[in-house]
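The structure appears right after this line, and notes come after that.
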Amino acid sequence: MGFFPAMALGWNAYREEFLENVEQLTNLKLRASYGSVGNEAIQPYGSIASADQWDYYSTGKLSGYTPDAVLSNPRLRWETSTTLNLAVDFGFFNNRLSGTVEWYKTNTKDLLVDRTISSVTGYSTIKDNIGEIQNKGIEIQLEGQVIQTRDFNLQLGMTFSRNRNKIPKLFGDLDGDGVEDDYPLNNWFIGQPISVYKKYETAGIWQESEVDDIPDSAQPNAKPGDIKIIDHNGDGKLDDDDKILVSKFPKWNGSFNISATYKNVDFSMDIYTVQGITRYNPFLSEYEYGGNMRAAFNGVKVDYWTPENPTGNFPRPTTNGALEMGHIAYEDASYIRLQNLTIGYSFPSAWVSKARLSNLRLYFTGQNLLTFTDFQSYSPELAADQYPEARTITFGLQIGF
């Protein structure tokens with residue numbers, strides 16, 4: 001059982017007397033809401049112990065039962081998200097320019113997750129309520145009727161969204177040092193996003209001019225042309241203390257749309273972008289994904305480092321490929337995509353009426369036409385072993401009777 005109260009308030013400020021003389025203002029509404037929602041997030045009876053049926057055959061079919069692979073937890077509670085939302089809706093010039101600016105902060109506690117536990121218990125995971133996640137961000141939406149004449153109309157629109165995610169709490173102070181403890185087993189770290197990469201940071205390629213510095217570095221066996229890894233704490237060795245955390249979430253995303261009509265021609269276009277996101281690219285380092293960019297001889301031709309090409313950003317090619325290639329397989333997966341494009345022509349009503357039709361329109365529509373990205377894979381959004389998004393082109397004729 002759970003209790004999830006909520007409330008919301010709104011104020012149409014543009015109707016107040018002190019704004020009645022502002023002729024350009026046609027809408028100004030302030031909104032605020034605060035409340036909680038619950039999420040059970042597990043299958044029915046998921047909190048109690050269960051058994052899995054296993055069938056085998058001897059003289060006939062026989063069935064046996066084994067404990068479920070996930071350790072039961074009868075003390076599970078509802079996952080609860082509490083959100084504060086502040087927003088302003090506005091409109092100017094008879095709403096030819098309108099939009100919304102919204103700020104939110106959501107704290108989710110008692111998260112229902114499959115937590116990794118020591119296998120000495122006979123189980124590897126348990127469903128548990130742990131910690132707290134905070135999401136805080138801003139969303140902006142703008143719409144503008146830029147031109148409005150008898151023959152020509154032009155509308156523009158844009159959206160912008162930015163979210164920051166972090167973990168304020170996990171299990172509390174387990175070791176008594178007065179500080180919230182991380183949970184490295186799941187890559188959960190206090191004050192960091194819930195999904196992060198933990199990786200070494202690189203600083204380019206070892207050069208021949210640095211050969212005297214290599215023996216005293218954290219990579220004493222490196223050679224010119226190998227990837228240079230940063231020893232952050234300066235202790236002369238590479239371990240977990242030298243790794244950095246990189247968020248898997250984008251810094252922001254947004255869209256831009258345009259729609260226009262000129263006499264009988266109509267046009268619309270949607271552009272979508274995701275910026276500031278890092279993704280691991282297995283095509284750069286793993287054999288099962290081709291691995292042809294591992295800096296191996298007879299592989300894909302890329303900008304390898306060689307003594308004659310010291311500015312190359314890929315390590316020197318070898319017979320087995322660069323062992324450190326995985327450290328630079330994290331790429332900027334930001335992209336800009338032409339998501340939709342439509343061009344149409346509506347035949348003049350005088351022609352259409354003669355054919356006893358109400359309308360006749362010829363159109364072209366394209367989806368996922370172009371994607372601009374530096375991410376070296378089939379798609380900056382999908383896993384390397386998934387088919388990329390299909391590009392769709394449609395020609396059509398709309399007939400109305």
Please name all residues satisfying side chain to side chain donor-acceptor pair (under 3.5 Å) with N281, sequence neighbours left out, ordered by chain then number. E331
Anything under 3.5 Å between a donor and an acceptor, one on a side chain of residues 97-104, the other on a protein residue two or more places apart or in another chain? List them.
| residue | atom | partner | partner atom | Å |
| --- | --- | --- | --- | --- |
| T100 | OG1 | D89 | OD1 | 2.9 |
| E102 | OE2 | N85 | ND2 | 2.7 |
| Y104 | OH | N163 | OD1 | 2.7 |

Could you tell me which residues satisfy side chain to side chain contact (heavy atoms under 4.5 Å, CB included) with K166, sequence neighbours excluded, listed by chain and number? Q134
Sorted by chain and number, sequence neighbours left out, side chain to side chain contact (heavy atoms under 4.5 Å, CB included) with D240 holds for K198, K243
Tell me which donor-acceptor pairs under 3.5 Å the side chains of residues 246-263 have, and how far apart each pair is, sequence neighbours excluded?
| residue | atom | partner | partner atom | Å |
| --- | --- | --- | --- | --- |
| S247 | OG | F249 | N | 3.0 |
| S255 | OG | T159 | OG1 | 2.6 |
| S259 | OG | Q155 | OE1 | 2.8 |

Qualifying residues under salt bridge (charged side-chain N to carboxylate O under 4.0 Å, His left out), relative to D226, sequence neighbours excluded: R316
Restricting to pairs with a member in residues 194-227, which pass ring pair (Phe, Tyr, Trp, His ring centres under 6.0 Å), not counting sequence neighbours? Y197-Y330, Y200-H327
Listed by chain and number, what are the side chain to side chain contact (heavy atoms under 4.5 Å, CB included) partners of P215, not counting sequence neighbours? none
Under 3.5 Å, side-chain donor or acceptor atoms of residues 360-371 against the rest of the protein: list the pairs with distances, not counting sequence neighbours.
| residue | atom | partner | partner atom | Å |
| --- | --- | --- | --- | --- |
| R361 | NE | D266 | OD2 | 3.1 |
| R361 | NH1 | Q398 | OE1 | 3.2 |
| R361 | NH2 | D266 | OD1 | 2.7 |
| T365 | OG1 | T342 | OG1 | 3.4 |
| Q367 | NE2 | N340 | OD1 | 3.4 |
| N368 | OD1 | R337 | NE | 3.1 |
| N368 | ND2 | E389 | O | 3.1 |
| N368 | ND2 | A390 | O | 3.2 |
| T371 | OG1 | R337 | NE | 2.9 |

Can you list the residues that meet the salt bridge (charged side-chain N to carboxylate O under 4.0 Å, His left out) rule with D270, with sequence neighbours excluded? none
Any residue meeting salt bridge (charged side-chain N to carboxylate O under 4.0 Å, His left out) with R77, in chain and number order, not counting sequence neighbours: D110
Quiz: residues 228-239 side-chain donor-acceptor pairs under 3.5 angstrom, not counting sequence neighbours:
| residue | atom | partner | partner atom | Å |
| --- | --- | --- | --- | --- |
| K228 | NZ | E210 | OE1 | 3.3 |
| K228 | NZ | E210 | OE2 | 2.5 |
| D231 | OD1 | G234 | N | 3.3 |
| D231 | OD2 | D235 | N | 3.2 |
| D231 | OD2 | G236 | N | 2.8 |
| H232 | NE2 | E201 | OE1 | 2.8 |
| N233 | OD1 | D235 | N | 3.2 |
| N233 | ND2 | D235 | OD2 | 3.3 |
| D235 | OD1 | K237 | N | 3.1 |
| D239 | OD1 | D241 | N | 3.1 |

